[in-house]
Amino acid sequence: DLLVAALAGGLVYWQVFQASELTNDPRNPLVIAASRQAPRGAIYDRNGLVLAHNAGGGGANERRREYPYLVAAPVVGYRSSLFGTAGLERTYDAALTGLVSLRPGDELLRKFRDTPYNPSDVYTSLDINLQQVAADLLANDRGAIVAIEPSTGRVLALVSSPTYNPNRITDPDAARRYMAEITVREDSPLLNRATQGLYVPGSVFKIVTAIAGIGSGAINGSTIYEDQPAEYETGFLVEGFRIHDFPRRVQLDDPLDFYEATEISSNIWYAHAGLDICADTLEEFAARLGFGQRIPFELPTSPSQITGGNGPLNGFRDQVELANAAYGQGEVLVTPLQMALVASTIANDGLLMRPKLVDELRATDGTISTLDPAAMSQVLGPSEAQVIGDAMLQAVEGPFGENLAGAAKVPGIPTAGKSGTAELGDDAAPHSWFIGYAPADNPQIAIAVIVEGGGAGSQRAVPMGGDVMAAFLLNGE
């Protein structure tokens with residue numbers, strides 16, 4: 001009797017409590033069979049344009065997928081009879097095939113229905129026209145662009161360059177040859193640089209340092225360092241290591257405050273600030289922003305880091321590493337998605353929204369499931385975020401910031417941002433970075449741009465960021 005009861009209990013556990021989880025597991029044989037046999041739902045952008053649909057004709061039990069917009073590949077992914085699934089095609093595989101029902105508990109009744117599948121269409125927040133604009137700007141460069149609606153976390157564009165042609169992967173005649181070609185390419189087109197690429201951030205990370213400093217009260221808008229003007233010539237000496245600013249002709253006589261230091265992007269000022277903020281506070285606020293974890297998202301993400309984590313100062317080896325990290329060097333590594341969330345947090349009054357790609361699932365039987373926005377963290381207060389936002393506005397529109405981030409200005413619209421030039425050493429060309437948002441007084445779009453080896457931020461990433469924001473705000477994308 002005990003054995004029978006145990007078996008019955010196990011059956012109930014797997015059929016009731018674990019039914020939904022099993023149904024969503026892409027390794028489940030039922031899911032694999034359904035992906036080959038079931039009439040798969042379509043994937044749409046925010047304006048109803050088709051990003052993925054069934055082309056048909058892939059064999060008796062195969063429904064070959066077709067992807068009208070190649071630039072959507074880093075988001076939509078693929079569904080291949082030979083290579084399985086990737087992107088949203090993988091994340092929402094069970095919903096697209098109809099194995100998972102939008103009606104709670106309905107999985108239990110599937111075996112009793114005439115039609116076992118109830119496929120859902122997936123409606124995303126992606127603006128495919130904006131995605132195309134961003135991809136065209138990167139063109140043949142390696143890099144990434146992520147654009148987010150700050151108040152909701154909805155992703156408007158997520159570009160990784162170079163990318164791949166999903167239609168080649170779903171073509172059974174060409175797939176093996178094509179996959180063999182792209183997996184050995186040195187520029188890694190299958191890598192989603194936007195969510196999994198890890199980069200030295202350079203000066204865009206100063207906004208993270210500012211969040212920790214202003215948020216904790218360690219610094220404020222009026223903070224100055226009396227030694228800083230002279231240190232422009234001598235360098236700031238930290239335990240035998242000299243930190244220097246990039247050469248400039250302005251703001252050399254008097255100590256810089258927070259706004260001026262952000263506008264001209266002073267490494268020395270931010271190194272001082274980082275030491276005042278201390279390692280534990282920088283780590284705490286970075287964690288609130290998502291550092292040190294895989295950001296919860298519909299696509300795989302790599303954790304960003306502020307340090308390699310092997311030293312006695314909350315992972316930092318010494319004060320030198322901490323001072324260098326404060327202006328985005330040291331062992332700091334970030335994903336473009338993470339830096340878009342940093343900009344989005346300031347744009348949204350200090351509230352970080354969880355990034356999301358899917359707005360709605362609509363099943364064949366008419367059932368609709370809405371995926372509402374969700375907050376991740378109140379990183380800092382609205383008044384504190386405003387101080388940093390004002391500095392970012394000055395960095396784009398101020399008289400001294402104009403040469404660094406001025407090209408991001410959206411015509412007629414107040415624009416906030418921060419440029420970055422990430423030094424890589426060994427005579428390698430630096431990465432070009434920009435993060436920002438607009439309109440500064442009513443943010444609708446926050447953005448992060450990286451061009452690998454693109455040189456100074458002002459040369460490449462800054463104008464790209466401005467062009468993407470302008471396309472969205474002025475052209476009705």
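The figures here come from the full heavy-atom set of this structure, side chains too, leaving out hydrogens, waters and symmetry mates.
A donor-acceptor contact shorter than 3.5 Å links the side chain of R294 to the backbone of T301. Here the side chain of T281 pairs a donor or acceptor atom with the backbone of I277 at under 3.5 angstrom. Put simply, the side chain of R193 never gets that close to the backbone of P336: no donor and acceptor are under 3.5 Å apart. Checking side-chain atoms of S125 against main-chain N and O of V358 turns up no donor-acceptor pair under 3.5 Å. Counting only distance, with no hydrogens or angles, the side chain of Q329 and the backbone of N324 share no donor-acceptor pair below 3.5 Å. No donor-acceptor pair closer than 3.5 Å links the side chain of E360 to the backbone N or O of Y123. Within the 3.5 Å criterion, the main-chain N or O of T163 finds no donor-acceptor partner in the side chain of S160. For E321 (side chain) and D318 (main-chain N/O), no donor-acceptor pair under 3.5 Å exists by modelled atom type. Although no hydrogens or angles enter the test, the distance criterion places a donor-acceptor pair under 3.5 Å between the side chain of Q228 and the main chain of L256. In terms of modelled atom types and a separation under 3.5 Å, the side chain of S377 and the main chain of L289 share no donor-acceptor contact.
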- Query: Going through the checks in order, is the side-chain contact (heavy atoms from CB on, under 4.5 Å) test met by L51 and L126?
  - Reply: CA-CA 10 Å; L51 305 180; L126 202 72; 4.2 Å; yes
- Apply the test side-chain contact (heavy atoms from CB on, under 4.5 Å) to residues E181 and Y178: give CA-CA distance (whole Å), side-chain angles for both, the deciding distance (0.1 Å), then the verdict. CA-CA 5 Å; E181 289 172 3; Y178 180 67; 4.1 Å; yes
- For the pair L322 and Q319, evaluate side-chain contact (heavy atoms from CB on, under 4.5 Å) and give the outcome as yes or no after the intermediate values. CA-CA 5 Å; L322 174 59; Q319 297 284 82; 3.9 Å; yes
- Task: For salt bridge (charged side-chain N to carboxylate O under 4.0 Å, His left out), just list the numbers for R154 and D359, CA-CA rounded to whole Å, side-chain angles, deciding distance to a tenth of an Å, and then say yes or no.
- Result: CA-CA 8 Å; R154 298 170 73 236; D359 290 334; 2.6 Å; yes
- Task: Output, in order, the C-alpha distance, side-chain angles, deciding distance and verdict of side-chain hydrogen bond (donor to acceptor under 3.5 Å, both in side chains) for K418 and T262.
- Result: CA-CA 8 Å; K418 183 74 193 75; T262 305; over 6 Å; no
- Item | side-chain hydrogen bond (donor to acceptor under 3.5 Å, both in side chains) assessment of D45 paired with Y69 | CA-CA 11 Å; D45 91 331; Y69 299 95; over 6 Å; no
- Begin with the C-alpha distance, continue with both residues' side-chain angles, and end with the deciding distance and a verdict on side-chain contact (heavy atoms from CB on, under 4.5 Å) for V133 and D467. CA-CA 8 Å; V133 167; D467 287 347; 5.7 Å; no
- Going through the checks in order, is the side-chain hydrogen bond (donor to acceptor under 3.5 Å, both in side chains) test met by Q394 and D390? CA-CA 6 Å; Q394 196 167 316; D390 289 346; over 6 Å; no
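Here the OG-CG distance, from S265 to N267, works out to 6.0 Å after rounding to the nearest 0.5 Å. Once rounded to the nearest 0.5 Å, the distance linking CG of L158 with CG of N192 reads 5.5 Å. Atom-to-atom distance recorded for I148:CD1 and I445:CD1 is 9.5 Å, nearest 0.5 angstrom. Atoms CD1 and CE, on I207 and M392 in that order, are 4.5 Å from each other to the nearest 0.5 Å. One distance of note links CD1 of I214 with CD1 of I388; it measures 5.5 Å at 0.5 Å rounding. One finds the OH atom of Y232 at 10.0 Å from the OG atom of S266 (value rounded to the nearest 0.5 Å).
Nearest heavy atom pair, residue L190 against residue Y164, reads CD2-CD2, 3.7 Å. Between T234 and H244, the shortest heavy-atom contact is O-CE1, 3.8 Å. Looking at every heavy atom in both residues, R65 comes nearest to N167 through O-OD1, 4.3 Å. Nearest heavy-atom pair, I306 versus F316, reported as atom, atom and distance to 0.1 Å: O-CE2, 3.5 Å. Between H431 and E452, the shortest heavy-atom contact is ND1-CA, 3.4 Å. In terms of heavy-atom proximity, S419 sits nearest to S203 at O-CB, 3.5 Å.
Within the 4.5 Å cutoff, the side chain of Q338 has heavy atoms near those of the V342 side chain. Proximity of R168 to Y78: side-chain heavy atoms (C-beta onward) are nowhere separated by under 4.5 Å. Looking only at side-chain heavy atoms (C-beta outward), I264 and F246 stay at 4.5 Å or farther from each other. Counting only heavy atoms from C-beta outward, the side chains of I435 and Y437 never approach each other to under 4.5 Å. Side-chain atoms of T195 and I295, non-hydrogen and from C-beta on, never get closer than 4.5 Å to each other. For the pair S80/E89, no side-chain contact is recorded, criterion being any heavy-atom separation below 4.5 Å from C-beta on. Inter-residue side-chain proximity for L138 and I145 is flagged as met; some heavy-atom pair is nearer than 4.5 Å. Within the 4.5 Å cutoff, the side chain of W269 has no heavy atoms near those of the D257 side chain.
Heavy-atom contacts from other residues, nucleotides or ligands closer than 6.0 Å to CZ of R185 number more than 12. At most 12 non-hydrogen atoms from other residues, nucleotides or ligands lie less than 6.0 angstrom from CG of N140. More than 12 non-hydrogen atoms from other residues, nucleotides or ligands lie less than 6.0 angstrom from CG of D441.
Aromatic ring pairs are classed by plane angle as parallel below 30°, tilted from 30° to 60° and perpendicular above 60°; the pair F236 and H272 is parallel.
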